[in-house]
Amino acid sequence: MPQITVDHSVPFDRRAFALDLHGLVAETVRTSVGNCKTRFREVAETVVGDGTTDAALVNVEIALAFGRTDALKAHLAQGVLALLARHLKDVEGVRLAVEVRDLESAYRRA
């Protein structure tokens with residue numbers, strides 16, 4: 001916990017983003033940076049809307065242990081959007097999205 005997944009169709013320094021993201025998440029939800037885990041999935045093809053434009057995207061999903069308020073999740077999502085804007089060379093035309101959700105009750109780790 002937290003489990004972070006980043007789907008992206010634009011190149012950027014993923015390691016630098018993840019390290020900054022871990023710090024932001026840890027500070028916001030009061031956990032250790034060592035608990036943050038991020039995986040990246042490069043998306044080869046995207047279709048947005050009616051498909052008439054070549055829209056790039058970066059979607060970040062953060063799953064947290066149950067118990068965080070909706071206000072805290074919204075605050076974290078806004079912080080992640082700002083962090084993405086700093087890490088992408090050009091955000092013009094890039095669709096950015098962040099979802100912060102609770103982990104399922106069956107989540108276990110070893």
Side-chain angles (χ1 to χ4, degrees):
M1 193 290 307
Q3 301 289 330
I4 305 165
T5 304
V6 181
D7 295 318
H8 63 93
S9 66
V10 295
F12 65 106
D13 186 340
R14 296 178 300 221
R15 181 176 175 77
F17 173 71
L19 293 173
D20 286 349
L21 178 61
H22 291 175
L24 173 66
V25 171
E27 180 181 326
T28 304
V29 303
R30 297 180 191 251
T31 190
S32 165
V33 169
N35 289 329
C36 297
K37 294 164 275 317
T38 298
R39 64 181 171 178
F40 292 90
R41 299 185 296 203
E42 190 168 357
V43 179
E45 182 177 1
T46 62
V47 178
V48 177
D50 64 5
T52 58
T53 62
D54 292 332
L57 61 87
V58 179
N59 289 336
V60 179
E61 179 184 295
I62 302 172
L64 303 170
F66 181 80
R68 295 344 195 276
T69 66
D70 287 342
L72 182 106
K73 292 179 206 174
H75 177 73
L76 177 57
Q78 281 302 126
V80 174
L81 286 173
L83 188 64
L84 277 170
R86 291 195 303 270
H87 277 271
L88 296 174
K89 293 183 192 302
D90 182 16
V91 294
E92 185 72 32
V94 179
R95 303 285 180 104
L96 304 176
V98 178
E99 176 188 5
V100 181
R101 64 174 183 79
D102 293 329
L103 284 164
E104 297 295 324
S105 61
Y107 172 80
R108 301 292 183 270
R109 68 180 183 176

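Just so you know, residue 1 is the first one in the sequence shown, and it goes up from there.
- Annotation: the span from Gln3 atom CD to Ile62 atom CD1 amounts to 11.5 Å, rounded to 0.5 Å.
- Between Ala65 and Leu103, the shortest heavy-atom distance links the atoms N-CD1, 3.9 Å.
- Linking Ile, Leu, Val, Met, Phe, Trp and Tyr residues whenever their side-chain heavy atoms come within less than 4.5 Å leaves Phe66 and Met1 in two separate clusters.
- Expressed to the nearest 0.5 Å, how far OG1 of Thr69 lies from NE2 of His75 amounts to 10.0 Å.
- Asp20 CG to Arg86 CZ: the interatomic distance, rounded to the nearest 0.5 Å, is 7.0 Å.
- Hydrophobic clustering places Phe12 together with Leu24 (ILVMFWY residues linked when any side-chain heavy atoms are closer than 4.5 Å, directly or through intermediates).
- Of all the heavy atoms in Leu72 and Thr28, the pair that sits closest is CD1-O, 3.4 Å.
- Between His22 atom NE2 and Thr38 atom OG1 the span is 2.5 Å, to the nearest 0.5 Å.
- Between the side chain of Thr31 and the backbone N or O of Cys36 there is no donor-acceptor pair closer than 3.5 Å.
- Hydrophobic clustering (side-chain heavy atoms under 4.5 Å, transitive across Ile, Leu, Val, Met, Phe, Trp, Tyr) keeps Leu57 apart from Val94.
- Not counting sequence neighbours, the partners of Arg41 by the salt bridge (charged side-chain N to carboxylate O under 4.0 Å, His left out) test are Asp7.
- For Arg101, the salt bridge (charged side-chain N to carboxylate O under 4.0 Å, His left out) test picks out Glu61, with sequence neighbours left out.
- The closest donor-acceptor contact from the side chain of Lys37 to the backbone of Asn35 lies under 3.5 Å.
- Considering NE2 of His8 and CG of Leu88, their distance stands at 10.0 Å, rounded to 0.5 Å.
- Residues Ser32 and Ala26 come closest through the heavy atom pair C-CB, 4.0 Å.
- The salt bridge (charged side-chain N to carboxylate O under 4.0 Å, His left out) check on Asp102 picks up Lys73, with sequence neighbours excluded.
- Linking ILVMFWY residues whenever their side-chain heavy atoms come closer than 4.5 Å, directly or via other members, leaves Phe40 and Val43 in distinct clusters.
- Cluster annotation: Val33 is not connected to Val29 through the hydrophobic network of ILVMFWY side chains, with a link wherever side-chain heavy atoms come within less than 4.5 Å.
- Taking CG of Leu96 as the reference point, atom CG of Leu83 lies at 11.0 Å (rounded to 0.5 Å).
- Nearest approach of Arg95 to Val48, heavy atoms of both residues: NH1-CG1, 3.1 Å.
- Proximity of Val6 to Arg14: side-chain heavy atoms (C-beta onward) are nowhere separated by under 4.5 Å.
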